[in-house]
Amino acid sequence: MKITFPDKNVREYPDGTTSLEIAKSLSEGLARNVLAAKVNGEVRDLMRPINEDASLELLTWNDAEGKSTFWHSSAHLMAEALEALFPGIKFWVGPPVENGFYYDVDPGNHTLSQEDLPRIEEKMKELAKKNNAYQRKEINKEEAIKYFTEKNDEYKLDLLSNLEDGSITFYTQGDFTDLCRGPHIPSTGSIKAIRLMNIAGAYWKGDEKNKQLTRIYGITFPKQKELDEYLAMLEEAKKRDHRKLGKELEIFTFDEEVGPGLPLWLPNGAVLIEELERLAKRTEQAAGYKRVRTPHLAKSSMYLTSGHLPYYEESMFPAMQIEGEKYYLKPMNCPHHHKIFGSMNASYRDLPIRLAEYGTCYRYEQSGELFGLMRVRSLQMNDAHIYCTEEQFADEFKAVNEMYLKYFRIFNIEKYVMRFSTHSKEKLGKKYVDNEPLWIKTEDMVRRVLIESKIPYIEVADEAAFYGPKIDVQVWSAIGREFTLATNQVDFAVPARFGLTFRNAQNELETPICIHRAPLGTHERFIGFLIEHYAGNFPLWLSPKQVIVLPISDKFNDYARLVSQELNNYDIRAHIDERDEKIGRKIRDAETRKISYMLIVGEKEKETGSVAVRKHGEGDKGNMSKSDFLKMIKSEIEDQLNK
RNA sequence: GCCGUUGUAGCUCAGUGGUAGAGCACUUCCUUGGUAAGGAAGAGGUCAUGAGUUCAAUCCUCAUCAACGGCUCCA
């Protein structure tokens, strides 16, 4: 048979040669490091013989698929350890994930806890040393059912019930046998470094109505050094965590008496908010948006009209009763904006109408979902609604996307994914407004704009808003959690429910399309993200403390006040460290507080009307006149905002 | 909301069945110091809240609240 390698080289091997043998024929080193093989595009065990002409890619730790095979095998090793330590334990699924693997188990009467992890880890290491082979066995469905019936394992039987006969394989290593599609690494011995990370509850089949299983997360590496590096990397990431930095830099805080998920913005946080709003207002004004303002609550009838009450009620704070009326805190700004549009008596000549507001919304997020600033119950959205005709839709949608990209340049956001969420046919009328032709038409329009604008995106079904498809910008927190940073949604349903119309050129009433957009997401999540993105080192324009003046001794406090005041007069956020401390100490503290510029002033500066400039993270920049310094930072701010 | 863990001074964290400690921060005094921590003294806590066990609870038990790691859900 002919084997074709990724570099297009072709070599001849006898039929039935295994991938591992082929690896050996190429180099001993490769044979030692190879974990799995990709045969004709399918990832397979190394020990599986190849029987026909095929393309072959040998996967190592450097390949994503090599890693996931390694971790998948590690999950089996953990299961083997668990079964040895806790006889009778039952297993659901144990897949590899982005960083490691997990296994969902039902430990029966025993409750697994954090304290059990070191024992399990030890057992895994012991079993790994035995270097047992992962043996693949094809089996018919009857035998498989018999095996798990005898084992009294309802979970695996449930898995089996969804499999077709003939596709069933078992893998055995040591005393542990699992129903598994594979593939696996050849043997347990290459799993050298093991760390079980944490233990958590996870609903069976991901459904909260089902029983909760115990999920154990772990990670393994071929070398101890790699595990050590991974753990060190996690420690580093924790230092960027916005919850830690937010406290250290005095940006926000929570208070038990105020309530969970209700952040208090400290003065530094308020500066961040004001700068973001300033940027948004400038940008939106240039793009033809008009600002509006709306109250924080509304009567239930409006949310019946909007559809929030049937579709969204569980995410809203319960109503309050006033004068026989039910009032709800608003979870979104759109209904209020629709009311404003409705009051405008618009003609096609007025469209598009773009209404913008940094509106404060309240959402009743379940307690377990709260997460620092990233997931809160009171939030201020960079919201706007664009009402336009069907012909205008593509241009408007494109313009919104361009605004996103402009913001990403300003904030240097490079790692993100645009996620296009569409409806699912089965949930029409339940999760989604029941009008399939409109869904399909709108989704096509969005897809066309994305393709025409050459914006890379991924498409996911059954993730849309109840009123239309949406595009979310996904980013990751320091500790690797994924978040929707910004959102851009099409609404073809709610304007009609509100009876919104405009008069078209034929003097007929027509319903506008509405685009909801929030490129800067919410203040809460966006700032949470920015803290981690910049690791607290905000760019000058955004920095809550732009300049601190550090007098060498209190003899120069007067001059320091003069310098600081002059900067304040030009809208620079400058203040003074007048403490009775040595200059080294003042510098150290200013550096720790991540203040962008330090101006050291003493005898020399006072005499010449100058300042000695030091930049955060960079050090001494030398002496310059007050006016030169002002000019320099003014132009730095300009440059940062005009990208 | 569910599973698991945690809750001690402003912050980070020790600690004990006999009503508490460190470092940093804070206050005062000394020091007037040129690019990442000068010295001394002092002040600070119903040990998350509520009940129970006990002669005695910060420590043991239960409940509640909150935070954290996940699940479900989402900007």
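Note on naming: letters A, B, ... go to the chains in the order of the sequence lines (proteins, then strands), and numbering restarts at 1 for each one.
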**Q** Would you please classify the geometry between the Phe529(A) ring and the Phe526(A) ring as parallel, tilted or perpendicular, with 30° and 60° separating the classes?
**A**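 If you compare the ring of Phe526(A) with that of Phe529(A), the planes turn out tilted.
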**Q** Assign Gly528(A) to base, sugar-phosphate, or nothing according to its heavy-atom contacts below 4.0 angstrom with the strands shown.
**A**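 Since no nucleic acid heavy atom lies under 4.0 Å of Gly528(A), the category is nothing.
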**Q** Quantified in whole Å, what is the P atom distance between nucleotide U61(B) and nucleotide U16(B)?
**A**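 One P to the other, the span is 15 Å.
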**Q** Expressed as a whole number of Å, how far does the C1' atom of A22(B) sit from that of U8(B)?
**A**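 Approximately 12 Å lies between the C1' atom of A22(B) and that of U8(B).
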**Q** Say we look at G7(B) and U64(B): how far apart would their C1' atoms be, to the nearest angstrom?
**A**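 My reading of the C1' atoms in G7(B) and U64(B) gives 14 Å.
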**Q** Find the distance Glu250(A):CD to C11(B):C1' and express it as a whole number of Å.
**A**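 Distance check: Glu250(A) CD to C11(B) C1' gives 10 Å.
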**Q** Rounded to the Å, how far apart are Arg243(A) CZ and C68(B) C1'?
**A**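 Nearest whole value for this atom pair: 7 Å.
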**Q** Any strand is fair game: report the nucleotide pairing with U32(B) by Watson-Crick or G-U wobble, both distances under 3.5 Å, or none.
**A**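 Base partner found: none.
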**Q** For Gly584(A), report the nucleic acid contact type (base, sugar-phosphate, nothing); a contact means any heavy atom under 4.0 Å.
**A**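 Sugar-phosphate, backbone atoms only, no base.
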**Q** For Gly206(A), which contact category applies under a 4.0 Å heavy-atom criterion: base, sugar-phosphate, or nothing?
**A**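 The answer is sugar-phosphate, as Gly206(A) gets under 4.0 Å only of primed atoms, P, OP1 or OP2.
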**Q** Tell me whether the side-chain N or O atoms of Arg585(A) pair up with the base of A37(B) as donor and acceptor below 3.5 Å, since no angle test is needed here.
**A**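 By the distance-only test, no, there is no pair.
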**Q** Say you pick atom C1' in G18(B) and the same atom in U58(B); how far apart are they, in whole Å?
**A**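 G18(B) and U58(B) have their C1' atoms separated by 12 Å.
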**Q** Using a heavy-atom cut-off of 4.0 Å across all strands, would you classify Glu603(A) as base, sugar-phosphate, or nothing?
**A**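 Base: the residue Glu603(A), judged by heavy atoms under 4.0 Å, touches a nucleobase.
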**Q** Between Gln212(A) (CD) and C73(B) (P), how many Å, whole number?
**A**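 Atom CD in Gln212(A) sits about 13 Å away from atom P in C73(B).
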**Q** From the set U35(B), G34(B), G4(B), return the single nucleotide nearest to any side-chain atom of Ser113(A).
**A**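 Comparing U35(B), G34(B), G4(B) against the side chain of Ser113(A), the answer is G4(B).
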**Q** A75(B) phosphate, OP1 or OP2: any side-chain N/O from Lys470(A) under 4.0 angstrom?
**A**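 Lys470(A) to A75(B) OP1/OP2: side-chain N or O found under 4.0 Å.
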**Q** For Phe483(A) and Phe371(A), which heavy atoms make the closest approach, and how far apart are they?
**A**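 Between these two residues, the closest heavy atoms are CZ-CD2, 3.5 Å.
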**Q** Arg579(A) CZ to U31(B) C1': how many Å, rounded?
**A**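 Spelled out: CZ on Arg579(A) to C1' on U31(B) is 15 Å.
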**Q** Checking side-chain polar atoms at under 3.5 Å, does His616(A) have a donor or acceptor matched by the opposite partner on Asn537(A)?
**A**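 A pair is found: one side chain offers a donor N or O, the other an acceptor, under 3.5 Å apart.
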**Q** Mind checking who U46(B) pairs with, Watson-Crick or G-U wobble, both distances under 3.5 Å?
**A**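 Base partner found: none.
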**Q** Is the base of A75(B) touched by the side chain of Glu365(A) through a donor-acceptor pair closer than 3.5 angstrom?
**A**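 Side chain to base: pair present.
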**Q** To the side chain of Asp580(A), which of A36(B), C71(B), U31(B) is closest?
**A**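 Closest nucleotide among those given: U31(B).
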**Q** Calculate the interatomic distance between Arg375(A) atom CZ and C73(B) atom P; express it in whole Å.
**A**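 Computing the Arg375(A):CZ to C73(B):P distance gives 10 Å.
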**Q** Work out how far the P atom of A9(B) is from that of U28(B), and round it to whole angstrom.
**A**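 The same atom, P, in both gives a distance of 24 Å.
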**Q** Base, sugar-phosphate, or nothing for Lys247(A), non-hydrogen atoms under 4.0 angstrom?
**A**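 Sugar-phosphate only.
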**Q** For nucleotides C71(B) and C59(B), find the distance between their P atoms and express it as a whole number of Å.
**A**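 Taking atom P in both C71(B) and C59(B), they lie 33 Å apart.
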**Q** If only side-chain N and O atoms of Thr214(A) are considered, is one of them under 4.0 Å from the OP1 or OP2 phosphate oxygen of C3(B)?
**A**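 For C3(B), neither OP1 nor OP2 has a side-chain N or O of Thr214(A) closer than 4.0 Å.
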**Q** Under 3.5 Å, is there an N or O donor on one side and an acceptor on the other linking the side chain of Tyr203(A) and the base of G1(B)?
**A**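 Answer yes: a donor N or O sits under 3.5 Å from an acceptor.
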**Q** Roughly, in whole Å, what's the span from CG in Leu213(A) to P in C71(B)?
**A**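 So the two atoms are 13 Å apart, to the nearest Å.
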**Q** Write down the partner of U19(B) under the Watson-Crick or G-U wobble criteria, each distance required to be under 3.5 Å.
**A**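 Base partner found: none.
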**Q** Mark yes or no for a side-chain to base donor-acceptor pair under 3.5 Å between Thr484(A) and A75(B), with no hydrogen or angle criteria applied.
**A**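 For Thr484(A), whose side chain was compared with the base of A75(B), there is no donor-acceptor pair (under 3.5 Å).
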**Q** Looking only at side-chain atoms of Ile552(A), point me to the closest of A75(B), G33(B), U35(B).
**A**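 The closest nucleotide is G33(B).
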**Q** Applying the Watson-Crick and G-U wobble criteria at under 3.5 Å, what pairs with C24(B)? Answer none if nothing qualifies.
**A**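 Here C24(B) is engaged in a pair, and the nucleotide opposite it is G10(B).
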**Q** If you measure from the C1' atom in A75(B) to the same atom in C2(B), how many Å do you get, rounded?
**A**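 The same atom, C1', in both gives a distance of 23 Å.
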**Q** For Tyr407(A) versus Thr283(A), what's the shortest heavy-atom pair and its separation?
**A**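 That would be OH-CB, 3.4 Å.
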**Q** If you go through the side-chain atoms of Glu605(A), does one of them form a donor-acceptor pair with the base of G34(B) closer than 3.5 Å?
**A**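 Yes, a donor-acceptor pair under 3.5 Å.
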**Q** What I want to check is whether an N or O donor and acceptor connect the side chain of Glu369(A) with the base of C74(B) at under 3.5 Å.
**A**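 Answer no: no donor N or O sits under 3.5 Å from an acceptor.
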**Q** Do Leu542(A) and Leu272(A) pass the side chain to side chain contact (heavy atoms under 4.5 Å, CB included) test, and can you show the C-alpha distance, the side-chain angles, and the key distance before you say yes or no?
**A** CA-CA 6 Å; Leu542(A) 193 56; Leu272(A) 295 173; 3.7 Å; yes
**Q** From G34(B), A36(B), C68(B), pick the nucleotide closest to the side chain of Ile600(A)?
**A**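 Among the listed nucleotides, the one closest to the side chain of Ile600(A) is G34(B).
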**Q** Does A67(B) have a Watson-Crick or wobble partner in any strand here, with both distances under 3.5 angstrom, and which is it?
**A**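 Looking at the geometry, A67(B) pairs with U5(B).
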**Q** Is there a side chain to side chain contact (heavy atoms under 4.5 Å, CB included) between Arg517(A) and Asn382(A) once you walk through the steps?
**A** CA-CA 8 Å; Arg517(A) 41 109 282 173; Asn382(A) 170 229; 3.7 Å; yes
**Q** Checking understanding here: a glycosidic angle within 90° of 0 is syn, the rest anti, so what is G7(B)?
**A**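 G7(B): anti.
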**Q** Grab the two heavy atoms, one from Met124(A) and one from Leu196(A), that are nearest each other, plus how far apart they are.
**A**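 Smallest heavy-atom distance, with atoms named: SD-CD2, 3.9 Å.
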**Q** Could you state the CH2-P distance from Trp204(A) to U72(B), rounded to the nearest angstrom?
**A**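 In whole Å, U72(B) P lies 15 Å from Trp204(A) CH2.
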**Q** Who is the Watson-Crick or G-U wobble partner of A37(B), with both distances under 3.5 Å?
**A**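 No nucleotide pairs with A37(B).
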**Q** Go through A75(B), U35(B), A36(B) for me and flag the one nearest to the Asp620(A) side chain.
**A**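 Between A75(B), U35(B), A36(B), the one nearest the side chain of Asp620(A) would be U35(B).
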**Q** Taking the same atom, C1', in G45(B) and in C60(B), what whole-Å distance lies between them?
**A**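 Going atom to atom, C1' in each nucleotide, I get 22 Å.
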**Q** If we call it a pair only when both distances are under 3.5 Å in a Watson-Crick or G-U wobble match, what pairs with A57(B)?
**A**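 None - no nucleotide pairs with A57(B), as no candidate has both distances under 3.5 Å.
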**Q** Starting at the 5' end of RNA chain B and moving along, which residue's nearest nucleotide shows up first, Glu314(A) or Tyr364(A)?
**A**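 So the residue in question is Tyr364(A).
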**Q** Quick one: does any side-chain atom of Tyr289(A) pair with a main-chain N or O of His385(A) as donor and acceptor, under 3.5 Å?
**A**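 Absent.
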**Q** Ignoring the backbone of Ile199(A), work out which of A36(B), A75(B), G4(B) is nearest its side chain.
**A**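 Looking only at heavy atoms from C-beta outward on Ile199(A), the closest nucleotide is G4(B).
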**Q** Choosing from U35(B), G69(B), C65(B), which nucleotide comes nearest the side chain of Phe371(A)?
**A**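 The listed nucleotide nearest to Phe371(A)'s side chain is G69(B).
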**Q** Passes side chain to side chain contact (heavy atoms under 4.5 Å, CB included), Tyr364(A) versus Met316(A)? Steps please.
**A** CA-CA 5 Å; Tyr364(A) 176 62; Met316(A) 292 165 72; 5.8 Å; no
**Q** Using a heavy-atom cut-off of 4.0 Å across all strands, would you classify Ala200(A) as base, sugar-phosphate, or nothing?
**A**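 Here Ala200(A) touches the bases of the nucleic acid.
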**Q** So, is Tyr217(A) close to the C71(B) phosphate, meaning a side-chain N or O under 4.0 Å from OP1 or OP2?
**A**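 Yes, such a contact exists.
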**Q** Figure out the NZ/P separation between Lys582(A) and C30(B), and round it to whole Å.
**A**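 In whole Å, C30(B) P lies 16 Å from Lys582(A) NZ.
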**Q** Would you call Arg614(A) and Glu591(A) a salt bridge, taking side-chain N to carboxylate O under 4.0 Å as the test?
**A**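 Here Arg614(A) pairs with Glu591(A) in a salt bridge, since their nearest N and O are under 4.0 Å apart.
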**Q** Report which part of the nucleic acid Ala612(A) touches: base, sugar-phosphate, or nothing (heavy-atom distance under 4.0 Å, all strands).
**A**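 Here Ala612(A) touches the bases of the nucleic acid.
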**Q** Could you say whether Arg215(A) or Arg525(A) is positioned toward the 5' end of RNA chain B, judged by the nucleotide with the nearest heavy atom to each?
**A**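 Checking each residue's closest nucleotide, the 5'-ward one belongs to Arg215(A).
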